[in-house]
Novice: 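Before I ask anything, here is the structure I am working with.
All residue numbers in this chain count up from 1 along the given sequence. What's counted below: heavy atoms across the whole structure, side chains too, no hydrogens, waters or symmetry copies. Keep in mind that this is a model prediction, so the values were computed, not measured.
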Amino acid sequence: MKLSVSVRTAAAGAVATATLLAGGTASAGAAPAPAQRAAAAPDIPVANVKAHLSRLQSIATANGGNRAHGRPGYQASLTYLKDQLDAAGFTTRVQQFTASGRTGYNLVADWPGGDSEHVLMVGAHLDGVTSGPAINDNGSGSAAVLETALAVARTGYQPSSHLRFAWWGAEELGLVGSRYYVAQLSSADRSRIDGYLNFDMIGSPNPGYFVYDDDPVIEKTFKDYFAGIGVPTEIETEGDGRSDHASFKNAGVPVGGLFTGASRTKTTAQARKWGGTAGRAFDRCYHSSCDTTANIDDTALNRNSDAIAHTVWELSQ
Ligand code: TRP
Ligand code: ZN
């Protein structure tokens, strides 16, 4: 598996900094130079993430009950995100494609600065199924990625890598938007992407804490975050290749991500370690009309949002 230089460097840097702060390599009493100190990720306010979910719910309600590809609720969702990203100083681009005879859109937001030879991408699919408002699948990932991007702007973060955030269209039709994005990249631009982080369903109402078992550095960064807050994790096995990270993985880009479970049933052992209800699906409203703002576990949404920010900061400096 291809491992990115800057992801490796970032991880090594974080270890070196931790050692320095612990006094392992610094001379007694010497403060580390500011340039060597890793910037800590901010706490992502879950209230902000939930406010985005409320807006996405309202958008669905006002547009026939869904935010699906080729429907007005999708377009309104994209506009809601784009306006905030533009106001925060991102350089945004709307990429158009066609799927099932309707026009689809990806939203791509670049944070100005950073090394353009080392790009860290963070993404989520913004479209939903036609049967409901699609708040857990995937308002949750879309909102957490949006709030992470806005936190980058609020803190004036200057990463050494270039950060690019993306919201994909037509994932529910077979990863169409992300596949299109990857196919449109030149091979040089593709090789500049050190890693792609994917967030699809991160607030399931009966949650599990699943980490994608792909790039080892990305995986370890997520696992270390959860270990640090005392939350056990498991490897994601409900659907390898069932979300947009597959589009990047197929092109040789290192990938990772988080997931709280879809239609699979939580076991007794899982309920013991995570709470919730054994013998019930992680998300009983998966792809149905009840995937509303009531279909979200706030604790899972909060932990995963913070894990995203932690990983973005760790891997980009
Ligand atoms: N991508 C699927 C959807 O949107 C949901 C899903 C199922 C999933 N299994 C997964 C997402 C594993 C990420 C990882 O319908
Ligand atoms: Zn999804």
Side-chain angles (χ1 to χ4, degrees), residues 40-61 67 73-74 76-88 90 92 107 109 111 121-128 132-155 157 163 165-168 171 197-211 222 225-226 229 231 243-244 256-262 274 282-283 285-286 291-314:
D43 181 88
I44 300 299
V46 72
N48 293 7
V49 182
K50 290 190 66 173
H52 300 315
L53 293 181
S54 293
R55 281 296 298 267
L56 293 175
Q57 173 74 63
S58 302
I59 285 167
T61 302
R67 303 184 302 100
Y74 183 79
S77 300
L78 189 144
T79 301
Y80 171 65
L81 268 66
K82 184 177 182 296
D83 287 351
Q84 292 172 79
L85 293 159
D86 286 336
F90 284 84
T92 62
L107 172 63
W111 182 237
M121 284 195 69
V122 187
H125 76 86
L126 183 60
D127 68 310
I135 298 304
N136 186 37
D137 181 13
N138 187 31
S140 63
S142 295
V145 172
L146 172 62
E147 196 54 31
T148 301
L150 296 177
V152 165
R154 275 198 298 268
T155 59
Y157 181 38
L163 292 179
F165 298 86
W167 291 266
W168 310 116
E171 186 270 356
L197 312 178
N198 191 63
F199 305 99
D200 184 0
M201 304 183 73
I202 59 165
S204 303
N206 186 28
Y209 292 87
F210 299 103
V211 178
F222 282 126
Y225 180 78
F226 283 103
I229 61 169
V231 174
S243 191
D244 298 296
L258 300 174
F259 179 57
T260 51
W274 290 323
F282 294 106
D283 182 358
C285 291
Y286 175 62
D291 188 6
T292 65
T293 48
N295 191 44
I296 290 290
D297 182 86
D298 291 357
T299 301
L301 187 69
N302 184 34
R303 288 170 173 168
N304 283 316
S305 298
D306 291 339
I308 295 169
H310 170 82
T311 302
V312 168
W313 259 254
E314 279 289 311

Novice: If I compare all heavy atoms of Asp283 with all of Gly261, which pair ends up nearest, and what's the gap?
Specialist: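 Looks like CB-O, 3.8 Å.
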
Novice: Tell me if a side-chain donor or acceptor on Ser305 pairs with a main-chain N or O of Ala144 at a distance below 3.5 Å.
Specialist: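 Looks like no, no N/O pair under 3.5 Å.
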
Novice: Can you tell me how far the CG atom of Asn198 sits from the CH2 atom of Trp168, to the nearest 0.5 Å?
Specialist: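 Those atoms lie 9.0 Å apart.
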
Novice: Could you tell me which non-hydrogen atom of Ala309 sits nearest to which non-hydrogen atom of Thr148, and how far apart they are?
Specialist: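 Closest heavy-atom pair between Ala309 and Thr148: CA-CG2, 4.1 Å.
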
Novice: Nearest 0.5 angstrom please: Trp111 CH2 to Tyr157 OH, how far?
Specialist: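 One finds 12.0 Å between CH2 of Trp111 and OH of Tyr157.
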
Novice: Quick check: do Leu150 and His52 have side-chain heavy atoms less than 4.5 Å from each other?
Specialist: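 A side-chain contact under 4.5 Å exists here.
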
Novice: Keeping Trp167 on the side-chain end and Leu81 on the backbone end, is there a donor-acceptor pair under 3.5 Å?
Specialist: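 No: the side chain of Trp167 does not pair with the backbone of Leu81.
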
Novice: Parallel, tilted or perpendicular: which describes the rings of Tyr209 and Phe226, with under 30° parallel and over 60° perpendicular?
Specialist: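 Tilted.
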
Novice: In terms of the angle between their ring planes, are Phe165 and Phe90 parallel, tilted or perpendicular, with boundaries placed at 30° and 60°?
Specialist: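 Taking Phe90 first and then Phe165, their aromatic rings stand perpendicular (interplane angle over 60°).
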
Novice: Would you call Asp43 and Asp306 a side-chain contact if the rule is heavy atoms closer than 4.5 Å?
Specialist: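 When only atoms from C-beta onward are counted, Asp306 and Asp43 do touch, with a gap below 4.5 Å.
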
Novice: Verify, without hydrogens or angle tests, whether Arg67 (side chain) and Ile59 (backbone) share a donor-acceptor contact under 3.5 angstrom.
Specialist: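 No; judged by distance alone, with no hydrogens or angles, the pair does not exist.
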
Novice: What closest approach, in Å, do Asn138 and Gly141 show between heavy atoms, and which atom pair accounts for it?
Specialist: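 The pair with the smallest heavy-atom distance is OD1-N, 2.9 Å.
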
Novice: Taking Asp200 for the side chain and Ser243 for the main chain, is one N or O donor matched with an acceptor at less than 3.5 Å?
Specialist: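 The answer is no, because no donor-acceptor pair under 3.5 Å joins these two groups.
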
Novice: Considering only heavy atoms from C-beta outward, does the side chain of Leu258 approach that of Thr311 to under 4.5 Å?
Specialist: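 Side chain of Leu258 against side chain of Thr311, heavy atoms only: no contact under 4.5 Å found.
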
Novice: Output yes when a side-chain donor or acceptor of Glu171 lies under 3.5 Å from a complementary backbone atom of His125, and no otherwise.
Specialist: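 No, the answer is negative, given that no donor and acceptor are paired below the 3.5 Å cut-off.
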
Novice: Let me confirm one number: the OH-CG distance from Tyr74 to Asp127, rounded to the nearest 0.5 Å.
Specialist: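 That separation rounds to 6.0 Å.
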
Novice: Check Ser140 against Leu53 and note the closest heavy-atom contact, atom names and distance.
Specialist: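 What the structure gives for the nearest pair is N-CD2, 3.7 Å.
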
Novice: With sequence neighbours excluded, what pairs up with Thr260 under the side chain to side chain donor-acceptor pair (under 3.5 Å) test?
Specialist: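 Side chain to side chain donor-acceptor pair (under 3.5 Å) check on Thr260 returns Ser204.
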
Novice: Give, for atom CG of Leu301 and atom CD1 of Ile44, the distance between the pair rounded to the nearest 0.5 Å.
Specialist: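 Between atom CG of Leu301 and atom CD1 of Ile44 there are 11.0 Å.
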
Novice: Any side-chain to backbone donor/acceptor pair from Asn136 onto Gly203? Under 3.5 Å, distance only.
Specialist: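 Yes: the side chain of Asn136 pairs with the backbone of Gly203.
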
Novice: Check whether the ring centres of Trp313 and Tyr225 lie less than 6.0 Å apart, and answer yes or no.
Specialist: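 Not close enough - the centres of the two rings lie 6.0 Å or further apart.
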
Novice: Hey, does Leu163 have a side-chain heavy atom less than 4.5 Å from the side chain of Val152?
Specialist: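 Yes; the side chains approach each other to less than 4.5 Å.
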
Novice: Taking all heavy atoms of Ala153 and all of Ala88, pick out the closest pair and write down the distance.
Specialist: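 Distance-wise, the nearest heavy atoms are CB-O, 3.6 Å.
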
Novice: Side chain of Asp291, backbone of Asp137: donor and acceptor closer than 3.5 Å?
Specialist: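 Checking the backbone N and O of Asp137 against the side chain of Asp291, a donor-acceptor pair under 3.5 Å is found.
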
Novice: Can you tell me how far apart NZ (Lys50) and CG (Asp298) are? Round to the nearest 0.5 Å.
Specialist: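 One gets 3.0 Å once the value is rounded to the nearest 0.5 Å.
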
Novice: To the closest 0.5 Å, what do you measure between CG (Leu126) and CG (Leu56)?
Specialist: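 The distance works out to 7.0 Å.
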
